[in-house]
Amino acid sequence: MAAIPDKPSLDGIESHWDGVWSQEATYGFDRSAHREQVFAIDTPPPTVSGSLHMGHVFSYTHTDTIARYQRMRGKDVFYPMGWDDNGLPTERRVQNYFGVRCDPAVAYQPDFQPPFRGDPPKDHQSVSISRPNFIELCNELTHQDEKVFEDLFRRLGLSVDWSLLYTTIEERSRRISQQAFLRNLARGEAYTQEAPTLWDVDFQTAVAQAELEDRERPGAYHQVAFARTDGDGDVIIDTTRPVLIAACVALVAHPDDERYKPLFGTTVRTPLYGVDVPVLAHPLAQPDKGTGIAMICTFGDLTDVIWWRELNLPTRAIMDRAGRIVMTPPAGITTDAGLAAFAAIAGAKINQAQNTVVDALRTSGTLIGDPRPIVHPVKFYEKGERPLEIVTSRQWYIRNGGRDGDLRTSLLERGRQLQWHPDHMRHRYSNWVEGLNGDWLISRQRFFGVPIPVWYQLDSSGEPNYSDPIIPDESSLPIDPSTDVPAGYTSDQRDRPGGFSGDPDVMDTWATSSLSPQIAGRWGDDDDLFTRVFPMDMRPQGHDIIRTWLFSTVVRAHFEHDSLPWSNTSLSGWILDPDRKKMSKSKGNVVTPMDLFETFGSDAVRYWAASARPGVDTAFSEDQMKVGRKLAMKLLNASKFVLSFPVPPSGATPTHAIDVAMLDRIAETVREATRAFEEFDYARALERTETTFWWFCDDYVELVKGRAYNSQGDDAAASALVAMRIALSALQRLFAPFMPFTTETVWRWWNESSIHLAAWPDSQVLAASSSDIPVSMLDVAGDILGQIRRAKTEAKTSQRTPVARARVHCDPPTRAIFTAVRSDLTEAGSVQEWILIEEPADTPVLVEVELAPST
RNA sequence: GGGCGCAUAGCUCAGUUGGCUAGAGCGCUUCCCUUACAAGGAAGAUGUCGGGGGUUCGAGUCCCUCUGCGCCCACCA
């Protein structure tokens, strides 16, 4: 136990207690606990290639309050931390930092040293290195970042068990990711297919539906005439992308559209290129869009893909993977004029080609009128800078119900089984699942990540056999097919006819992070641990990644374990700047968490975070942090005050009615806070606790402190002393999840072990002796005291001024209560004489205060 | 177009099965260095609870409807 200082202070408590908690392993997970004793949290692994910001502080605090509550409830809390160092952000950061580039074709170098460690000169040409070397550099670099992250999270007071740390590119994660994938493959849940795919031309990789976002971009409608091949006039279509006319394979209108019904089955000739294409009917064509008849290109958008598939149309791709027009004209262009028109755009970038085509259309007279500028939403990869194109490529998919009604129904049911906090967030899940239009594309044409763990046999002409991949044994995982050699082959057979070839792709980062419960729980390496923590109890995360992280985790657990990955999920809101805009670096309004910890103290920052209701977007507010600091100071001072009284004799119990009634109110607060925490509503628990605490300090303690000083005899004092200590103990523990540093400080003034391992207060015990005490006693006492204070304030005099006479008008029941608290009121109000005046029933208490003349 | 959320004091927000004479904090005003706390404390002012209808003895709370704001999803020729 620590001595109570004369001037309690919050300075330095964070580093002090962090050290003590580490030393005492306060938050260590006891892996002998059985599943029902465990509370397991699937912590979101932050991306280490950025920096932690207020959004992290905000949402991780929410989770930590729940973790601490559960721990005090006696649960063995499994609270790991992970670092997400897999994926594009890390790839970029490692490239820039070391001046290297990942190239799976390069052989592994055991003692490789990068050309730079930080700040390569601008003219430096990146050195190509193998994927295993790249992963080693990633580990080296992210270790530095991870140290900074860990320091910040410790300073924030997260009760994480740091021995459970994982990273998403480490060996175990790669193993689990590959193992889960191979099991998906074996069960037919993963498959490879060549198909049109959304494609980022800068990153040159396929992207998944979940990673799309719409951005408003200027464009223009162009009316273009297609000549009917029967010579009977033109068909006018509207398009924003005339550049794709060379890729046009048909026109399409709605089957019921009377304007175009006569044309169905006929052909029209494309302007410039002179290719005959059919006019077809399909219900997806919208009569009220443009001219009501559209050109189908391979591929302008996802609707084109649907039409192409359902109408069995040919492919005339004109876009390469870097976003340029291909050099070779597509099939169908045969006339000299057509070939010349195509030659004019071959090799050009999309925008240039578009201008060329528009000019040519105008010259040829097939552009009707002027283009009409519009602003319309265009699909982008969320990390990308240019609009997505659609190219045909071979990719790996995991089934997610996008193409299978039964699976979709099962996954929707999983969403219903999950407890959502707040509940309305479940709609985002069902909305997303119901809107899926394809399976989950997991392969990426990148170089850094978890490799797709398969090879392909090459036939005598060197063509891969995709239908029967070569699968590694699970015991050999993780593997890198670009450097590892499949069983039964030798390395000199790589990429040779009759030999083998490794799959060049990596899995999308979500394909690994969707296994975070399995990774954190060490599935497959420590199944004893895994069975003690899985399915987990809680998945905290942002609501923006329901469609990615949450959904994909549900999919993987559904397939692998036939269960939900966790029973509850809690969704955090966004941090908004004080102008209610989402905070962003570009606006320069980002405050670093460490500055705030230093200014206000970690507990004050946590107080701000914990004051926000679950799932609600919340304004950044230093005012709230000031309030939090004030509360922490109050907790120090109130604790010091209560504990500075003599320890009551052992066996003493609260006997005074007011003391018992006070404890009853504390008990009610415990009930409310407990109920709120059981529903993951940390904010309500805090609010109730805080309200009661201020009442305890301002009203109750003020009322009884005279008696506690022994003004009314030993027994009367003992009742107050015992009651104050019982209440203080409960209040300190109620605050412990929110203000771990301050509460630990005050708790250790009178306890040997950590408050964070103490039992959550028990409302039954607190309220044990409160059977027949009128709850209204506290209100009556507060009311009378309040009226006396007001009289002194109105007289503009000190609260210490004695009251010569107080006439209390009250009804008979109130009179009885008054009598019970009269002695305490006498001291609290410095009242020299009371005069009771009886009023009819239900009359509000009225106190006429006659102040003593000032001396 | 479909879905969800929000609208309560100048600001940020509580208000959980309908019982409120509508609350808190910040800010504002006044007073007090009262020996736990001046990075305090005591007290005070401020609201047609977005509009309209309905159910009810009683509606900020339930139902319908309208308006405004935000988010998610879909469409995007």
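Residue numbers begin at 1 in each chain, while the letters A, B, ... track the order of the sequences. FYI, side chains are in, hydrogens and waters are out, and symmetry mates aren't considered; it's all heavy atoms of this structure.
Side chain of Lys705(A), nearest nucleotide from A77(B), C75(B), A36(B): A36(B). Nearest nucleotide to the Gln799(A) side chain, out of G2(B), A36(B), A42(B): A42(B). The side chain of Glu702(A) sits closest to C37(B) out of G3(B), C37(B), C75(B). For Cys697(A), counting side-chain heavy atoms from C-beta on, the closest listed nucleotide (A36(B), C26(B), C76(B)) is A36(B). Counting only heavy atoms from C-beta on, Trp432(A) has its side chain closest to C73(B) among A38(B), C73(B), A36(B).
Side-chain N/O atoms of Arg428(A) include none lying less than 4.0 angstrom from OP1 or OP2 on C71(B). When the side-chain nitrogen and oxygen atoms of Tyr709(A) are compared with OP1 and OP2 of A36(B), one or more of them lie within a distance under 4.0 Å. Within the structure, a side-chain polar atom (N or O) of Lys630(A) is placed less than 4.0 Å from OP1 or OP2 of C26(B). Distances shown here put a side-chain N or O of Lys634(A) below 4.0 Å from the OP1 or OP2 atom of G41(B). The shortest distance between the side-chain N/O atoms of Lys289(A) and the OP1/OP2 oxygens of G1(B) is not below 4.0 Å. An OP1 or OP2 oxygen of A77(B) is reached within less than 4.0 angstrom by no side-chain nitrogen or oxygen of Thr303(A). Of the side-chain N and O atoms in Arg613(A), one or more sit less than 4.0 angstrom from OP1 or OP2 of G15(B). Phosphate contact (OP1/OP2 of C76(B), side-chain N/O of Gln286(A), threshold under 4.0 Å): absent.
Figure legend. G5(B) is base-paired to C69(B); pairs are counted as Watson-Crick or G-U wobble with both atom distances under 3.5 Å. Within the shown strands, nothing qualifies as a pairing partner of U56(B) under the Watson-Crick or G-U definition with both distances less than 3.5 Å. U17(B) is unpaired under the Watson-Crick or G-U wobble criterion, no partner having all donor-acceptor distances under 3.5 Å. Within the shown strands, A24(B) is the pairing partner of U12(B) under the Watson-Crick or G-U definition, both distances less than 3.5 Å. Using Watson-Crick or G-U wobble geometry with both donor-acceptor distances under 3.5 Å, A45(B) finds no partner in any strand shown.
Using a 4.0 Å heavy-atom criterion, one finds that Leu302(A) contacts no nucleic acid atom at all. Within 4.0 Å (heavy atoms only), Asp301(A) reaches sugar-phosphate atoms of the nucleic acid but no base atom. Base contact: Arg688(A) has a heavy atom under 4.0 Å from a base atom. Looking at heavy-atom distances under 4.0 Å, Arg629(A) makes contact with a base. Using a 4.0 Å heavy-atom criterion, one finds that Asp698(A) contacts the sugar-phosphate atoms exclusively. Contacts of Asn431(A) with the nucleic acid, taken as non-hydrogen atoms under 4.0 Å apart, include base atoms. Looking at heavy-atom distances under 4.0 Å, Ala285(A) makes contact with a base. Within the nucleic acid shown, Glu687(A) comes within 4.0 Å of sugar-phosphate atoms alone, with no base atom in reach, counting heavy atoms only. At a threshold of 4.0 angstrom between heavy atoms, the contacts of Trp608(A) with the nucleic acid are absent. Across all strands, Arg547(A) comes closer than 4.0 Å only to sugar-phosphate atoms, never to a base (heavy-atom distances).
In this structure, Asp623(A) places its CG atom 14 Å from C1' of A39(B), rounding to the nearest Å. Between the P atom of G44(B) and the CZ atom of Arg789(A) lies a distance of 11 Å, rounded to the nearest Å. Whole-Å rounding puts the Trp694(A) CH2 to C37(B) P distance at 14 Å. Distance Tyr700(A) OH to C37(B) P: 20 Å, rounded to the nearest Å. Following rounding to the nearest Å, Leu631(A) (CG) and A36(B) (C1') show an atom-to-atom distance of 15 Å. Per the geometry, CD belonging to Glu690(A) stands 18 Å off P belonging to G23(B), to the nearest Å. Atoms NE2 (His427(A)) and C1' (C73(B)) sit 13 Å apart, rounded to a whole Å. When rounded to the nearest whole Å, the span between NE2 of His376(A) and P of C76(B) equals 12 Å.
Both Ile374(A) and Gly435(A) lie close to RNA chain B; mapped to their nearest nucleotides by heavy-atom distance, the more 5′-ward contact belongs to Gly435(A). Between Ile306(A) and Ala638(A), the residue anchored closer to the 5' end of RNA chain B is Ala638(A), taking for each the nucleotide with the nearest heavy atom.
No side-chain donor from either of Asp238(A) and Thr291(A) sits under 3.5 Å from a side-chain acceptor of the other. Between the side chains of Ser711(A) and Glu827(A), at least one donor N or O lies within less than 3.5 Å of an accepting N or O. For the residue pair Gln541(A) / Ser572(A), no side-chain donor-acceptor distance below 3.5 Å is found, with atom types taken as modelled.
The gap from the P atom of U34(B) to that of U29(B) amounts to 23 Å, rounded to the nearest Å. For C33(B) and G47(B), the C1' atoms lie 36 Å apart once the distance is rounded to whole Å. Nucleotides C13(B) and A7(B) are separated by 12 Å at their C1' atoms, to the nearest Å. Distance check on atom P: U46(B) versus G10(B) gives 11 Å, rounded to whole Å. When the P atom is used for both G19(B) and U35(B), the distance is 43 Å, rounded to whole Å. C26(B) sits 39 Å from C57(B) when the C1' atoms are compared, rounded to a whole Å. Nucleotides G52(B) and A59(B) have their P atoms positioned 15 Å apart, rounded to a whole Å. Using atom C1' as the reference point in both U30(B) and G54(B), the two lie 46 Å apart (nearest Å).
Side-chain atoms of Trp420(A) and Arg428(A), non-hydrogen and from C-beta on, never get closer than 4.5 Å to each other. Contact of the Ile245(A) side chain with the Leu272(A) side chain is not registered, since no non-hydrogen atoms from C-beta on lie closer than 4.5 Å. Proximity of Thr669(A) to Phe693(A): side-chain heavy atoms (C-beta onward) are nowhere separated by under 4.5 Å.
Salt bridge status for Arg671(A) with Glu668(A): present, with a side-chain N to carboxylate O gap under 4.0 Å. Here Glu622(A) does not pair with Arg629(A) in a salt bridge; the nearest charged N to carboxylate O distance is not below 4.0 Å.
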key: salt bridge (charged side-chain N to carboxylate O under 4.0 Å, His left out) evaluation trace for Asp304(A) with Arg309(A)   = CA-CA 8 Å; Asp304(A) 281 343; Arg309(A) 186 182 297 131; over 6 Å; no

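For Asp214(A) against C75(B), a side-chain-to-base donor-acceptor contact under 3.5 Å is present.
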